[in-house]
Amino acid sequence: MYIAGRAEMQLLDQHTMREIGLPGVVLMENAGAAVIKEVMKDFPDKKTKIAVLAGSGNNGGDGFVIARRLYDFGYDVMLICCVEEEAIRGDARVHYNVYKNRRLPTEEVKDVQLENAEVIIDALLGTGLTGEVREPFYSLIKKINSANKYVYAVDIPSGVNSNNGEVLNTAVKADKTVTFVLPKKGFYLQQGPQYVGEVICTDISVPPHIVEELQLELPRLLDVKMADAALPKRPAHGHKGMFGHVLVIGGCRQYVGAPVYTAKAAFHTGAGLVTLAVPESIYPIVAPQSSECLFIPLQDKDGALSAADISQVVDFSAFQTVVLGPGLGRQTDGTSLIRHVLDELTDQTFVIDADGLYFAGHLLAELKTYKGNVIFTPHPGEMARLAGLSVKEVEENRLEVAKQFAGAHGIYLLLKGHRSIITTPSGEQWINPFGNDALGKGGSGDVLTGLIASFVSQGAEVKDALLAACYHHAHAAEQLGTKWSTYGVLPLDIIDYVRKTL
Ligand SMILES: NC(=O)C1=CN([C@@H]2O[C@H](COP(=O)(O)OP(=O)(O)OC[C@H]3O[C@@H](n4cnc5c(N)ncnc54)[C@H](O)[C@@H]3O)[C@@H](O)[C@H]2O)[C@@H](O)CC1
Ligand SMILES: [K+]
(Lines give C-alpha, C1' and ligand atoms only; values in the text may rest on other atoms or scores of the structure.)
(Ligands and ions follow the chains in the order given, each with its own letter.)
Protein backbone atom coordinates (compact mmCIF):
# COMPACT_ATOMS: atom_id res chain seq x y z
CA MET A 1 0.00 0.00 0.00
CA TYR A 2 1.19 3.50 -0.81
CA ILE A 3 1.41 6.29 1.75
CA ALA A 4 0.77 9.92 0.93
CA GLY A 5 1.24 13.45 2.20
CA ARG A 6 -1.04 16.45 2.02
CA ALA A 7 -0.34 17.49 -1.60
CA GLU A 8 -0.79 13.97 -2.92
CA MET A 9 -4.06 13.53 -1.03
CA GLN A 10 -5.32 16.78 -2.50
CA LEU A 11 -4.35 15.56 -5.97
CA LEU A 12 -6.20 12.27 -5.48
CA ASP A 13 -9.30 13.98 -4.09
CA GLN A 14 -9.29 16.65 -6.81
CA HIS A 15 -8.82 14.09 -9.56
CA THR A 16 -11.74 12.05 -8.24
CA MET A 17 -13.96 15.12 -8.03
CA ARG A 18 -12.93 16.96 -11.23
CA GLU A 19 -11.89 14.26 -13.68
CA ILE A 20 -14.05 11.40 -12.51
CA GLY A 21 -16.93 13.60 -11.41
CA LEU A 22 -17.64 12.14 -7.98
CA PRO A 23 -18.64 15.14 -5.84
CA GLY A 24 -16.71 15.97 -2.68
CA VAL A 25 -19.84 15.68 -0.55
CA VAL A 26 -20.13 12.03 -1.62
CA LEU A 27 -16.54 11.37 -0.62
CA MET A 28 -17.28 13.06 2.69
CA GLU A 29 -20.40 10.95 3.21
CA ASN A 30 -18.33 7.83 2.47
CA ALA A 31 -15.62 9.01 4.86
CA GLY A 32 -18.12 9.48 7.67
CA ALA A 33 -19.69 6.09 6.94
CA ALA A 34 -16.27 4.43 7.08
CA VAL A 35 -15.61 5.88 10.53
CA ILE A 36 -18.93 4.83 12.02
CA LYS A 37 -18.50 1.31 10.63
CA GLU A 38 -15.39 1.05 12.76
CA VAL A 39 -17.07 2.62 15.81
CA MET A 40 -20.06 0.28 15.57
CA LYS A 41 -17.75 -2.72 15.35
CA ASP A 42 -15.81 -1.67 18.44
CA PHE A 43 -18.81 -0.34 20.45
CA PRO A 44 -21.90 -2.32 19.42
CA ASP A 45 -23.87 -1.14 22.49
CA LYS A 46 -26.08 1.72 21.22
CA LYS A 47 -26.18 3.26 24.68
CA THR A 48 -22.53 4.24 24.28
CA LYS A 49 -22.12 8.00 24.80
CA ILE A 50 -20.08 9.43 21.94
CA ALA A 51 -18.72 12.97 21.67
CA VAL A 52 -17.88 14.19 18.15
CA LEU A 53 -15.72 17.32 17.98
CA ALA A 54 -15.86 19.04 14.60
CA GLY A 55 -13.61 21.79 13.21
CA SER A 56 -14.24 24.20 10.33
CA GLY A 57 -12.57 22.40 7.42
CA ASN A 58 -13.41 19.19 5.61
CA ASN A 59 -12.22 17.18 8.57
CA GLY A 60 -15.00 18.87 10.52
CA GLY A 61 -17.31 18.02 7.60
CA ASP A 62 -16.56 14.35 8.18
CA GLY A 63 -17.50 14.97 11.82
CA PHE A 64 -21.01 16.23 10.87
CA VAL A 65 -21.60 13.08 8.79
CA ILE A 66 -20.33 10.88 11.61
CA ALA A 67 -22.57 12.51 14.22
CA ARG A 68 -25.69 12.32 11.98
CA ARG A 69 -25.15 8.71 11.07
CA LEU A 70 -24.44 7.69 14.66
CA TYR A 71 -27.74 9.33 15.68
CA ASP A 72 -29.52 7.40 12.98
CA PHE A 73 -28.10 4.16 14.33
CA GLY A 74 -29.43 5.07 17.77
CA TYR A 75 -26.24 6.06 19.59
CA ASP A 76 -26.17 8.66 22.36
CA VAL A 77 -24.31 11.40 20.44
CA MET A 78 -23.05 14.79 21.44
CA LEU A 79 -21.84 16.93 18.49
CA ILE A 80 -19.61 19.78 19.51
CA CYS A 81 -19.20 22.21 16.65
CA CYS A 82 -16.01 23.96 17.65
CA VAL A 83 -16.18 26.95 15.29
CA GLU A 84 -18.59 29.71 14.32
CA GLU A 85 -21.19 28.63 11.77
CA GLU A 86 -19.95 31.27 9.27
CA ALA A 87 -16.49 29.71 9.22
CA ILE A 88 -17.82 26.43 7.83
CA ARG A 89 -17.67 26.41 4.04
CA GLY A 90 -17.81 24.18 0.96
CA ASP A 91 -18.57 20.48 1.34
CA ALA A 92 -18.36 20.74 5.11
CA ARG A 93 -21.06 23.43 5.01
CA VAL A 94 -23.32 21.14 2.99
CA HIS A 95 -23.09 18.46 5.67
CA TYR A 96 -23.42 21.01 8.46
CA ASN A 97 -26.66 22.20 6.82
CA VAL A 98 -27.89 18.63 6.39
CA TYR A 99 -27.26 18.06 10.08
CA LYS A 100 -29.08 21.26 11.01
CA ASN A 101 -31.98 20.56 8.62
CA ARG A 102 -32.45 17.27 10.40
CA ARG A 103 -32.83 19.33 13.60
CA LEU A 104 -30.22 17.26 15.36
CA PRO A 105 -28.68 18.84 18.45
CA THR A 106 -25.28 20.50 18.81
CA GLU A 107 -23.48 21.56 21.95
CA GLU A 108 -21.59 24.77 22.57
CA VAL A 109 -17.82 24.55 22.83
CA LYS A 110 -17.87 26.35 26.16
CA ASP A 111 -20.13 23.61 27.58
CA VAL A 112 -17.92 20.69 26.51
CA GLN A 113 -18.17 17.97 29.12
CA LEU A 114 -16.01 15.19 27.81
CA GLU A 115 -16.17 13.42 31.18
CA ASN A 116 -19.69 12.27 30.28
CA ALA A 117 -18.60 10.62 27.04
CA GLU A 118 -17.28 7.10 26.71
CA VAL A 119 -15.90 7.60 23.23
CA ILE A 120 -14.43 10.74 21.62
CA ILE A 121 -14.25 11.29 17.89
CA ASP A 122 -11.67 13.87 16.83
CA ALA A 123 -12.73 15.63 13.62
CA LEU A 124 -11.02 18.94 14.42
CA LEU A 125 -8.09 19.12 12.02
CA GLY A 126 -7.05 16.83 9.19
CA THR A 127 -4.50 17.06 6.44
CA GLY A 128 -5.16 20.82 6.19
CA LEU A 129 -3.24 21.62 9.40
CA THR A 130 -0.61 24.33 9.05
CA GLY A 131 1.70 25.52 11.79
CA GLU A 132 1.08 25.28 15.52
CA VAL A 133 -2.40 24.30 16.65
CA ARG A 134 -4.29 27.49 17.51
CA GLU A 135 -7.20 28.12 19.86
CA PRO A 136 -9.82 26.90 20.42
CA PHE A 137 -8.36 23.63 19.15
CA TYR A 138 -5.29 23.78 21.37
CA SER A 139 -7.39 23.69 24.56
CA LEU A 140 -9.81 21.16 23.13
CA ILE A 141 -6.98 18.77 22.26
CA LYS A 142 -5.63 19.10 25.79
CA LYS A 143 -9.11 18.25 27.08
CA ILE A 144 -9.42 15.24 24.77
CA ASN A 145 -6.06 13.89 25.89
CA SER A 146 -6.77 14.32 29.58
CA ALA A 147 -10.30 12.88 29.41
CA ASN A 148 -8.93 9.34 29.37
CA LYS A 149 -11.56 8.02 26.94
CA TYR A 150 -11.32 5.85 23.86
CA VAL A 151 -10.36 8.25 21.05
CA TYR A 152 -10.87 7.86 17.32
CA ALA A 153 -8.98 10.25 15.04
CA VAL A 154 -10.73 11.05 11.79
CA ASP A 155 -8.17 10.75 8.96
CA ILE A 156 -5.25 11.87 11.17
CA PRO A 157 -4.94 12.87 14.82
CA SER A 158 -5.49 16.64 14.98
CA GLY A 159 -2.16 18.40 15.38
CA VAL A 160 -0.05 15.79 13.55
CA ASN A 161 1.44 17.05 10.28
CA SER A 162 0.42 14.61 7.55
CA ASN A 163 3.63 15.16 5.55
CA ASN A 164 6.26 14.58 8.21
CA GLY A 165 4.63 13.54 11.49
CA GLU A 166 5.71 16.72 13.22
CA VAL A 167 3.80 17.78 16.32
CA LEU A 168 4.59 21.42 16.99
CA ASN A 169 2.70 22.12 20.20
CA THR A 170 0.01 19.51 20.76
CA ALA A 171 -1.85 16.68 19.06
CA VAL A 172 -4.62 14.23 19.83
CA LYS A 173 -3.43 10.92 21.18
CA ALA A 174 -5.66 8.49 19.35
CA ASP A 175 -6.42 4.88 20.16
CA LYS A 176 -7.43 4.34 16.56
CA THR A 177 -7.00 6.45 13.44
CA VAL A 178 -9.52 5.79 10.70
CA THR A 179 -7.84 7.22 7.64
CA PHE A 180 -9.13 7.69 4.11
CA VAL A 181 -7.78 6.40 0.79
CA LEU A 182 -4.14 5.98 1.89
CA PRO A 183 -2.27 6.09 5.20
CA LYS A 184 -0.49 9.38 5.64
CA LYS A 185 3.30 9.71 5.68
CA GLY A 186 3.08 11.48 9.02
CA PHE A 187 1.87 8.30 10.73
CA TYR A 188 5.36 6.85 10.36
CA LEU A 189 7.63 9.85 10.75
CA GLN A 190 8.93 11.88 13.70
CA GLN A 191 6.38 12.04 16.56
CA GLY A 192 3.51 10.70 14.41
CA PRO A 193 3.78 7.06 15.56
CA GLN A 194 3.22 8.16 19.18
CA TYR A 195 -0.18 9.65 18.30
CA VAL A 196 -1.90 7.50 15.69
CA GLY A 197 -2.68 4.34 17.65
CA GLU A 198 -4.00 1.56 15.44
CA VAL A 199 -4.34 2.66 11.81
CA ILE A 200 -7.37 1.56 9.77
CA CYS A 201 -7.27 2.60 6.14
CA THR A 202 -10.66 2.83 4.46
CA ASP A 203 -12.04 3.19 0.95
CA ILE A 204 -14.16 6.28 0.19
CA SER A 205 -14.51 5.64 -3.58
CA VAL A 206 -11.28 7.32 -4.65
CA PRO A 207 -10.06 4.70 -7.15
CA PRO A 208 -6.81 3.19 -5.85
CA HIS A 209 -5.19 2.87 -9.31
CA ILE A 210 -5.07 6.64 -9.82
CA VAL A 211 -1.77 6.69 -7.93
CA GLU A 212 -0.23 4.93 -10.95
CA GLU A 213 -2.34 6.86 -13.44
CA LEU A 214 -1.12 10.16 -12.06
CA GLN A 215 2.41 8.72 -11.88
CA LEU A 216 2.81 9.72 -8.27
CA GLU A 217 6.06 8.42 -6.84
CA LEU A 218 4.87 7.46 -3.39
CA PRO A 219 6.60 5.42 -0.72
CA ARG A 220 4.97 2.12 0.18
CA LEU A 221 4.14 0.54 3.48
CA LEU A 222 5.85 -2.77 4.14
CA ASP A 223 3.28 -5.46 4.95
CA VAL A 224 3.26 -9.13 5.85
CA LYS A 225 2.33 -10.23 2.35
CA MET A 226 5.24 -8.30 0.84
CA ALA A 227 7.61 -9.70 3.43
CA ASP A 228 6.46 -13.26 2.72
CA ALA A 229 6.88 -12.82 -1.01
CA ALA A 230 10.32 -11.31 -0.48
CA LEU A 231 11.77 -14.27 1.43
CA PRO A 232 14.19 -16.29 -0.69
CA LYS A 233 12.76 -19.66 -1.75
CA ARG A 234 14.64 -22.76 -0.68
CA PRO A 235 14.45 -25.75 -3.02
CA ALA A 236 14.24 -29.03 -1.11
CA HIS A 237 17.28 -30.36 -2.96
CA GLY A 238 19.31 -27.28 -1.97
CA HIS A 239 22.78 -27.80 -0.55
CA LYS A 240 24.99 -25.42 1.39
CA GLY A 241 26.63 -24.16 -1.79
CA MET A 242 23.25 -22.99 -3.06
CA PHE A 243 22.43 -21.01 0.05
CA GLY A 244 25.46 -18.84 -0.17
CA HIS A 245 28.51 -18.02 1.87
CA VAL A 246 28.51 -14.85 3.96
CA LEU A 247 31.72 -13.18 5.11
CA VAL A 248 31.48 -10.94 8.17
CA ILE A 249 34.46 -8.63 8.76
CA GLY A 250 34.45 -6.81 12.06
CA GLY A 251 35.02 -7.00 15.79
CA CYS A 252 37.64 -5.42 18.03
CA ARG A 253 38.69 -5.78 21.64
CA GLN A 254 35.84 -3.52 22.73
CA TYR A 255 33.12 -5.09 20.57
CA VAL A 256 33.38 -8.83 20.62
CA GLY A 257 29.68 -9.64 20.40
CA ALA A 258 28.67 -7.58 17.37
CA PRO A 259 30.22 -9.72 14.61
CA VAL A 260 28.98 -12.82 16.42
CA TYR A 261 25.38 -11.56 16.34
CA THR A 262 25.65 -10.78 12.62
CA ALA A 263 27.17 -14.14 11.82
CA LYS A 264 24.66 -16.07 13.92
CA ALA A 265 21.73 -14.17 12.43
CA ALA A 266 22.96 -15.08 8.95
CA PHE A 267 23.66 -18.74 9.68
CA HIS A 268 20.57 -19.38 11.80
CA THR A 269 18.26 -18.03 9.11
CA GLY A 270 19.53 -20.08 6.23
CA ALA A 271 22.90 -18.95 4.87
CA GLY A 272 24.81 -22.06 3.73
CA LEU A 273 28.09 -21.00 5.31
CA VAL A 274 29.25 -18.05 7.36
CA THR A 275 32.84 -16.99 7.87
CA LEU A 276 33.91 -14.56 10.53
CA ALA A 277 37.03 -12.47 9.90
CA VAL A 278 38.04 -10.89 13.23
CA PRO A 279 41.24 -9.52 14.80
CA GLU A 280 43.36 -12.47 15.90
CA SER A 281 43.52 -11.18 19.49
CA ILE A 282 39.77 -11.65 19.96
CA TYR A 283 39.56 -14.84 17.88
CA PRO A 284 39.95 -17.11 20.97
CA ILE A 285 36.93 -15.39 22.56
CA VAL A 286 34.78 -15.22 19.45
CA ALA A 287 35.35 -18.77 18.20
CA PRO A 288 33.76 -20.68 21.12
CA GLN A 289 30.66 -18.46 20.90
CA SER A 290 30.10 -19.22 17.25
CA SER A 291 31.36 -22.68 16.55
CA GLU A 292 28.90 -22.97 13.65
CA CYS A 293 31.03 -20.48 11.68
CA LEU A 294 34.30 -20.68 9.80
CA PHE A 295 37.06 -18.29 10.88
CA ILE A 296 39.72 -16.11 9.40
CA PRO A 297 41.81 -14.50 12.15
CA LEU A 298 43.23 -11.26 10.79
CA GLN A 299 46.27 -9.28 11.85
CA ASP A 300 45.46 -6.78 14.50
CA LYS A 301 46.91 -3.70 16.00
CA ASP A 302 46.05 -3.00 19.65
CA GLY A 303 42.95 -5.16 19.49
CA ALA A 304 41.54 -3.71 16.25
CA LEU A 305 41.67 -4.98 12.69
CA SER A 306 44.70 -4.06 10.67
CA ALA A 307 43.96 -3.72 6.99
CA ALA A 308 47.39 -4.91 5.93
CA ASP A 309 46.93 -8.61 5.29
CA ILE A 310 43.29 -8.92 4.26
CA SER A 311 43.99 -9.26 0.52
CA GLN A 312 46.47 -12.10 1.11
CA VAL A 313 44.49 -13.96 3.75
CA VAL A 314 40.96 -13.79 2.40
CA ASP A 315 39.88 -15.38 -0.88
CA PHE A 316 36.90 -13.10 -1.61
CA SER A 317 35.75 -15.18 -4.57
CA ALA A 318 34.39 -17.72 -2.07
CA PHE A 319 31.66 -15.35 -0.84
CA GLN A 320 28.35 -14.12 -2.24
CA THR A 321 27.87 -11.45 0.41
CA VAL A 322 30.46 -9.48 2.35
CA VAL A 323 29.48 -7.59 5.49
CA LEU A 324 31.91 -5.05 6.87
CA GLY A 325 31.49 -3.12 10.06
CA PRO A 326 29.83 -4.89 13.02
CA GLY A 327 32.02 -4.19 16.03
CA LEU A 328 34.80 -2.80 13.83
CA GLY A 329 35.48 0.17 16.12
CA ARG A 330 37.20 3.32 14.99
CA GLN A 331 40.78 2.48 15.99
CA THR A 332 41.36 0.63 12.76
CA ASP A 333 42.34 2.15 9.42
CA GLY A 334 38.85 1.44 8.12
CA THR A 335 39.22 3.47 4.94
CA SER A 336 42.16 1.33 3.76
CA LEU A 337 40.30 -1.77 4.85
CA ILE A 338 37.29 -0.94 2.71
CA ARG A 339 39.55 0.02 -0.18
CA HIS A 340 41.37 -3.35 0.02
CA VAL A 341 38.07 -5.20 0.16
CA LEU A 342 36.71 -3.26 -2.83
CA ASP A 343 39.86 -4.11 -4.81
CA GLU A 344 39.19 -7.80 -4.25
CA LEU A 345 35.43 -7.87 -4.80
CA THR A 346 34.03 -8.55 -8.24
CA ASP A 347 30.25 -8.35 -8.02
CA GLN A 348 29.41 -9.65 -4.56
CA THR A 349 26.86 -7.74 -2.51
CA PHE A 350 28.71 -5.50 -0.09
CA VAL A 351 26.91 -4.61 3.13
CA ILE A 352 28.45 -1.79 5.15
CA ASP A 353 27.19 -1.32 8.68
CA ALA A 354 28.07 0.34 12.00
CA ASP A 355 31.60 1.77 12.12
CA GLY A 356 32.10 0.59 8.55
CA LEU A 357 29.85 3.53 7.68
CA TYR A 358 32.10 5.88 9.61
CA PHE A 359 34.84 5.15 7.07
CA ALA A 360 32.68 4.52 4.00
CA GLY A 361 31.84 8.20 3.83
CA HIS A 362 35.35 8.78 2.41
CA LEU A 363 34.85 6.25 -0.36
CA LEU A 364 31.49 7.12 -1.84
CA ALA A 365 32.90 7.68 -5.33
CA GLU A 366 34.71 4.30 -5.34
CA LEU A 367 31.61 2.55 -4.02
CA LYS A 368 29.50 4.14 -6.74
CA THR A 369 31.61 2.62 -9.50
CA TYR A 370 31.66 -0.84 -7.88
CA LYS A 371 29.91 -3.41 -10.09
CA GLY A 372 28.03 -5.22 -7.32
CA ASN A 373 25.26 -3.96 -5.08
CA VAL A 374 26.17 -1.89 -2.04
CA ILE A 375 23.95 -1.70 1.03
CA PHE A 376 24.30 0.92 3.78
CA THR A 377 22.39 0.44 7.05
CA PRO A 378 22.83 3.70 8.97
CA HIS A 379 20.98 4.85 12.07
CA PRO A 380 20.08 8.56 12.06
CA GLY A 381 23.43 9.60 13.58
CA GLU A 382 25.38 7.67 10.96
CA MET A 383 23.09 8.99 8.22
CA ALA A 384 23.67 12.55 9.40
CA ARG A 385 27.41 12.09 9.23
CA LEU A 386 27.27 10.50 5.78
CA ALA A 387 24.98 13.19 4.37
CA GLY A 388 26.71 16.11 6.08
CA LEU A 389 23.54 17.06 7.96
CA SER A 390 22.50 17.29 11.59
CA VAL A 391 20.52 14.43 13.14
CA LYS A 392 17.60 16.86 13.42
CA GLU A 393 17.72 17.58 9.71
CA VAL A 394 17.77 13.86 8.96
CA GLU A 395 14.88 13.11 11.30
CA GLU A 396 12.77 15.96 9.94
CA ASN A 397 13.28 14.78 6.35
CA ARG A 398 13.85 11.04 6.60
CA LEU A 399 12.21 10.08 3.32
CA GLU A 400 13.81 12.88 1.32
CA VAL A 401 17.31 12.49 2.80
CA ALA A 402 17.27 8.72 2.21
CA LYS A 403 16.07 9.10 -1.37
CA GLN A 404 18.57 11.80 -2.20
CA PHE A 405 21.51 9.90 -0.71
CA ALA A 406 20.66 6.50 -2.22
CA GLY A 407 20.15 8.06 -5.64
CA ALA A 408 23.28 10.23 -5.57
CA HIS A 409 25.59 7.38 -4.53
CA GLY A 410 23.89 4.43 -6.20
CA ILE A 411 23.38 2.45 -3.02
CA TYR A 412 20.59 0.57 -1.28
CA LEU A 413 19.90 2.37 1.96
CA LEU A 414 18.23 1.15 5.10
CA LEU A 415 17.70 4.19 7.29
CA LYS A 416 17.07 2.75 10.74
CA GLY A 417 15.08 4.20 13.62
CA HIS A 418 11.51 3.78 14.78
CA ARG A 419 9.85 3.06 11.40
CA SER A 420 12.84 2.21 9.20
CA ILE A 421 12.97 3.33 5.59
CA ILE A 422 14.26 1.18 2.76
CA THR A 423 15.37 3.03 -0.39
CA THR A 424 16.70 1.66 -3.68
CA PRO A 425 19.20 3.54 -5.85
CA SER A 426 16.34 4.26 -8.28
CA GLY A 427 14.30 5.93 -5.55
CA GLU A 428 11.69 3.31 -4.63
CA GLN A 429 10.89 3.51 -0.92
CA TRP A 430 9.19 1.44 1.74
CA ILE A 431 8.47 2.29 5.36
CA ASN A 432 8.47 -0.51 7.90
CA PRO A 433 5.53 0.13 10.27
CA PHE A 434 6.52 -2.72 12.60
CA GLY A 435 8.88 -2.89 15.56
CA ASN A 436 9.12 -1.55 19.07
CA ASP A 437 11.44 -0.58 21.89
CA ALA A 438 12.54 -4.19 22.38
CA LEU A 439 14.96 -3.36 19.55
CA GLY A 440 16.38 -0.35 21.40
CA LYS A 441 19.43 -2.28 22.53
CA GLY A 442 23.03 -2.75 21.39
CA GLY A 443 23.23 -5.71 19.04
CA SER A 444 19.83 -5.31 17.36
CA GLY A 445 21.39 -3.66 14.32
CA ASP A 446 24.03 -6.38 14.05
CA VAL A 447 21.26 -8.97 13.93
CA LEU A 448 19.39 -7.05 11.24
CA THR A 449 22.54 -6.87 9.12
CA GLY A 450 22.98 -10.62 9.49
CA LEU A 451 19.42 -11.23 8.29
CA ILE A 452 19.97 -9.02 5.24
CA ALA A 453 23.19 -10.84 4.36
CA SER A 454 21.51 -14.19 4.90
CA PHE A 455 18.64 -13.47 2.51
CA VAL A 456 20.89 -11.96 -0.16
CA SER A 457 23.14 -15.01 0.02
CA GLN A 458 20.18 -17.29 -0.43
CA GLY A 459 19.33 -15.58 -3.68
CA ALA A 460 16.91 -12.79 -2.78
CA GLU A 461 17.15 -9.54 -4.68
CA VAL A 462 18.65 -6.85 -2.47
CA LYS A 463 15.39 -4.94 -2.14
CA ASP A 464 13.58 -8.15 -1.15
CA ALA A 465 16.27 -9.11 1.33
CA LEU A 466 15.87 -5.71 2.98
CA LEU A 467 12.08 -5.99 3.12
CA ALA A 468 12.12 -9.52 4.53
CA ALA A 469 14.87 -8.75 7.04
CA CYS A 470 13.23 -5.58 8.34
CA TYR A 471 9.86 -7.25 8.72
CA HIS A 472 11.06 -10.39 10.50
CA HIS A 473 13.40 -8.46 12.79
CA ALA A 474 10.61 -6.07 13.83
CA HIS A 475 7.93 -8.75 13.99
CA ALA A 476 10.10 -10.84 16.32
CA ALA A 477 10.49 -7.82 18.61
CA GLU A 478 6.73 -7.24 18.69
CA GLN A 479 5.92 -10.88 19.36
CA LEU A 480 8.56 -11.35 22.05
CA GLY A 481 7.65 -7.98 23.57
CA THR A 482 4.06 -9.20 23.98
CA LYS A 483 4.98 -12.67 25.17
CA TRP A 484 7.53 -11.42 27.74
CA SER A 485 8.07 -7.68 27.89
CA THR A 486 10.02 -5.25 25.76
CA TYR A 487 12.52 -4.75 28.59
CA GLY A 488 14.27 -8.04 28.35
CA VAL A 489 14.38 -9.12 24.71
CA LEU A 490 17.97 -9.78 23.67
CA PRO A 491 19.56 -9.85 20.21
CA LEU A 492 19.94 -13.62 20.46
CA ASP A 493 16.21 -13.94 21.28
CA ILE A 494 15.42 -12.09 18.05
CA ILE A 495 17.60 -14.49 16.07
CA ASP A 496 16.00 -17.46 17.78
CA TYR A 497 12.46 -16.21 17.11
CA VAL A 498 13.15 -15.46 13.45
CA ARG A 499 14.87 -18.83 13.06
CA LYS A 500 11.79 -20.63 14.30
CA THR A 501 9.16 -18.63 12.45
CA LEU A 502 10.49 -18.05 8.92
N1 LIG B 1 -12.97 16.10 -0.73
C2 LIG B 1 -11.98 16.07 0.10
O3 LIG B 1 -11.00 16.81 -0.04
C4 LIG B 1 -12.13 15.17 1.24
C5 LIG B 1 -11.54 15.55 2.43
N6 LIG B 1 -11.73 14.83 3.54
C7 LIG B 1 -11.34 15.36 4.84
O8 LIG B 1 -10.83 16.65 4.72
C9 LIG B 1 -9.62 16.79 5.41
C10 LIG B 1 -8.84 17.89 4.78
O11 LIG B 1 -9.69 18.99 4.77
P12 LIG B 1 -9.21 20.50 4.66
O13 LIG B 1 -8.21 20.58 3.58
O14 LIG B 1 -10.43 21.32 4.58
O15 LIG B 1 -8.44 20.77 5.97
P16 LIG B 1 -8.76 20.45 7.52
O17 LIG B 1 -10.16 20.20 7.77
O18 LIG B 1 -7.80 19.43 7.90
O19 LIG B 1 -8.30 21.80 8.20
C20 LIG B 1 -8.57 23.04 7.65
C21 LIG B 1 -9.14 23.96 8.68
O22 LIG B 1 -8.35 24.00 9.83
C23 LIG B 1 -7.89 25.32 10.06
N24 LIG B 1 -6.51 25.21 10.52
C25 LIG B 1 -5.43 24.84 9.79
N26 LIG B 1 -4.34 24.83 10.57
C27 LIG B 1 -4.72 25.18 11.80
C28 LIG B 1 -4.04 25.34 13.01
N29 LIG B 1 -2.73 25.14 13.11
N30 LIG B 1 -4.73 25.69 14.11
C31 LIG B 1 -6.06 25.91 14.04
N32 LIG B 1 -6.78 25.79 12.90
C33 LIG B 1 -6.11 25.42 11.79
C34 LIG B 1 -8.03 26.05 8.77
O35 LIG B 1 -8.23 27.40 9.01
C36 LIG B 1 -9.25 25.37 8.18
O37 LIG B 1 -10.42 25.93 8.70
C38 LIG B 1 -9.03 15.43 5.38
O39 LIG B 1 -8.12 15.22 6.42
C40 LIG B 1 -10.26 14.56 5.49
O41 LIG B 1 -10.62 14.37 6.83
C42 LIG B 1 -12.67 13.71 3.53
O43 LIG B 1 -13.93 14.26 3.78
C44 LIG B 1 -12.69 13.01 2.24
C45 LIG B 1 -12.90 13.93 1.10
K1 LIG C 1 -8.64 14.67 13.01
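In each ligand, atom 1 is the first atom listed, and ligand 1 is the first ligand listed.
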Expected contact list for ligand 1 at under 4.0 angstrom, heavy-atom basis, is Asp13, Met17, Leu27, Met28, Ser56, Gly57, Asn58, Asn59, Asp62, Leu125, Gly126, Thr127, Gly128, Leu129, Thr130, Gly131, Glu132, Val133, Arg134, Phe137, Asp155, Phe180, Ile204

*asked:* Check this for me: does any side-chain nitrogen of one of Asp175 and Lys149 sit under 4.0 Å from a carboxylate oxygen of the other?
replied: no

Review point. Looking at Lys46 and Asp76, does any basic side-chain N land under 4.0 Å from a carboxylate oxygen?
Key: no

Residue set satisfying ring-ring contact (aromatic ring centres under 6.0 Å, His included) with Phe434, at least two apart, ordered chain then number -> Tyr471

Which donor-acceptor pairs under 3.5 Å do side chains of residues 479-487 form with protein atoms, sequence neighbours excluded?
{"from": "Thr482", "atom 1": "OG1", "to": "Glu478", "atom 2": "O", "distance (Å)": "2.8"}
{"from": "Ser485", "atom 1": "OG", "to": "Tyr487", "atom 2": "N", "distance (Å)": "3.1"}
{"from": "Thr486", "atom 1": "OG1", "to": "Asp437", "atom 2": "OD2", "distance (Å)": "2.6"}

The OD2(Asp122)-the K ion (ligand 2)-O(Val154) angle, to 10°, is 120°

So salt bridge (charged side-chain N to carboxylate O under 4.0 Å, His left out) across residues 493-502, not counting sequence neighbours, yields Asp496-Arg499, Asp496-Lys500

Angle subtended at the K ion (ligand 2) by Ile156 O and Leu125 O, to the nearest 10 degrees, is 90°

*asked:* Tell me if the centroids of the rings in Phe43 and Tyr75 come within less than 6.0 Å of each other.
replied: no

inquiry  = Suppose we call two aromatic rings close when their centres sit under 6.0 Å apart. Are Tyr71 and Phe73 close by that rule?
reply    = no

